[in-house]
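Each residue takes its place number in the sequence, starting with 1. Given the structure is predicted, the values throughout are model-derived calculations rather than measurements.
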Amino acid sequence: MTVLRTEAPIGVFDSGVGGLSVLRAIRAELPMEDLLYVADSGYAPYGDRDAEFIADRATTITERLLDAGVKAIVVACNTATVVAIEKLRAWCPVPVVAMEPAIKPAAQTTQSGVVGVLATSRTLASPSVARLCAAYGQDIEILLQPCPGLVEQVEKVQLHSDTTRELLVGYLSPLLLAGADTIVLGCTHYPFLAELIRDIVGPDLTIIDPATAVAKELVRRLQGNLRPDSGERTAEVRFFSSTAVEEASPIISALWGSPVLVQAIARSAKGKQIGSAALG
């Protein structure tokens, strides 16, 4: 049994910058904890990759975070979760907290009986989503809406551009016409588009972002291994990216809401290795 070090950091990773929405929720819930965030933007979006590639990247990043001594790992990516989470949990010696589209709370929230789920094609085609729909969709209609192009817009911080609005209108319109009163954000990139989504759908629809629930689950999993909040130190958040630092720094800083230092992680031709200088 692995003994977790209370003072060890928590590792968080995503296919790109979308997981910053989850990191933000973790920071709010656990302000005393040191955090390591890996944005695998050099290979984003995962939703267009095959399952073997995604599993390889998830495994490699997890191994590097373990090398850095983390006490828990958050897979802040719905696509990586549905493809790789079972394999990761089978061997990872620390708690692994993952994402899944918030279909259950949406089913419990809807008044119209129609729920829309925005996610990548890979996520929506997964057995995990099929299981959730079967479990919670017996008395309601669940509309699965793939959203190609949205991840790329967030990766470019095009949160309010005409192109982003046009994409969202195209994806949301059929859900609204079908009577959806609840929208699930099934990709960690999409909370950064919540303001624009709200502008399109109006004030009455419920928009569900699972980030806070993930942060609370992390707290539950780490009970007894959380760093005490003494007020005597400032927790550290370190950022890493598999794309060029000069590209990643302004993007991550903009989405995080303040200037941050982003360190590079090396890319290999096969996409299977992260340089040893990145984490440690």
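Side chain of Glu33 to backbone of Arg227: a donor-acceptor contact under 3.5 angstrom is found. Although no hydrogens or angles enter the test, the distance criterion places a donor-acceptor pair under 3.5 Å between the side chain of Tyr37 and the main chain of Gly19. Using a distance-only test at 3.5 Å, with no hydrogens or angles considered, no donor-acceptor pair links the side chain of Lys87 to the main chain of Ala55. When atom types are taken as modelled, the side chain of Thr110 and the backbone of Ala107 share no donor-acceptor pair closer than 3.5 angstrom. Within the 3.5 Å criterion, the main-chain N or O of Ser41 finds no donor-acceptor partner in the side chain of Thr243. Proximity of a side-chain donor or acceptor of Asp34 to a complementary backbone N or O of Glu236 within less than 3.5 Å is detected. When atom types are taken as modelled, the side chain of Ser253 and the backbone of Val260 share a donor-acceptor pair closer than 3.5 angstrom.
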With side chain to side chain contact (heavy atoms under 4.5 Å, CB included) as the criterion, how do Val245 and Leu261 come out once you've worked through the C-alpha distance, each side chain's angles and the decisive distance to 0.1 Å? CA-CA 9 Å; Val245 169; Leu261 172 67; 6.0 Å; no
Evaluate the criterion side chain to side chain donor-acceptor pair (under 3.5 Å) for residue pair Thr120 and Thr79; output intermediate values, then yes/no. CA-CA 7 Å; Thr120 67; Thr79 301; 2.9 Å; yes
Pair Cys187-Thr123, side chain to side chain contact (heavy atoms under 4.5 Å, CB included): steps then yes or no: CA-CA 8 Å; Cys187 172; Thr123 295; over 6 Å; no
Starting from the C-alpha separation in whole Å, work towards a yes-or-no answer on side chain to side chain contact (heavy atoms under 4.5 Å, CB included) for Arg122 and Ile54. CA-CA 11 Å; Arg122 169 71 66 180; Ile54 296 167; 4.1 Å; yes
Go through it in stages, so that I can follow the logic: the residues are Arg165 and Leu196, the test is side chain to side chain contact (heavy atoms under 4.5 Å, CB included), and I'd like the CA-CA distance, side-chain angles, deciding distance and then a yes or no. CA-CA 7 Å; Arg165 174 178 283 274; Leu196 183 53; 3.3 Å; yes
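A chain of hydrophobic side-chain contacts below 4.5 Å, direct or via other Ile, Leu, Val, Met, Phe, Trp or Tyr residues, connects Trp91 to Val96. Hydrophobic clustering of Ile, Leu, Val, Met, Phe, Trp and Tyr side chains at less than 4.5 Å, counting indirect connections, keeps Ile208 apart from Ile183.
Here the shortest heavy-atom pairing between Ala76 and Thr188 reads O-OG1, 2.9 Å. Among all heavy-atom pairs drawn from Ser15 and Ala44, the shortest one is O-CB, 3.3 Å. When all heavy atoms are compared, the tightest approach of Leu167 to Pro148 is CD2-O, 4.0 Å. Closest non-hydrogen pair, Gly224 versus Thr6, comes out as O-OG1, 4.4 Å. When all heavy atoms of Met99 and Pro210 are compared, the pair lying nearest together is CE-CG, 3.8 Å. Nearest heavy-atom pair across Ala194 and Ile207 is O-CD1, 4.4 Å.
Under a 4.0 Å N-O distance rule, the pair Glu217/Arg220 qualifies as a salt bridge.
A 6.0 Å sphere centred on CD of Gln111 holds no more than 12 heavy atoms belonging to other residues, nucleotides or ligands. Residue Gln108 places its CD atom among more than 12 non-hydrogen atoms of other residues, nucleotides or ligands, all under 6.0 Å distant. Atom CD of Glu7 has more than 12 neighbouring heavy atoms from other residues, nucleotides or ligands inside a 6.0 Å radius.
Here the NE2-CG distance, from His160 to Asp162, works out to 12.0 Å after rounding to the nearest 0.5 Å. From Ile85, atom CD1 reaches atom CG of Asn78 across 11.0 Å, with rounding to the nearest 0.5 Å. Annotation: the span from Ile10 atom CD1 to Arg27 atom CZ amounts to 10.5 Å, rounded to 0.5 Å. One distance of note links CD1 of Ile61 with CG of Asp40; it measures 4.0 Å at 0.5 Å rounding. The structure places CG of Asp209 at 5.5 Å from CG of Leu185, a figure rounded to the nearest 0.5 Å. Summarising the geometry, atom CG belonging to Leu65 is positioned 5.0 Å from atom CD1 belonging to Ile73; distances are rounded to the nearest 0.5 Å.
Membership of the apolar cluster around Val129 extends to Ile103, Val115, Val117, Leu124, Leu132, Tyr136, Ile140, Ile142, Leu144, Val184, as traced through chained side-chain contacts below 4.5 Å between ILVMFWY residues.
Side-chain contact annotation: Glu100 with Thr81, donor-acceptor N/O pair under 3.5 Å absent.
Side-chain contact check for Phe13 versus Cys77: every heavy-atom pair is 4.5 Å or farther apart.
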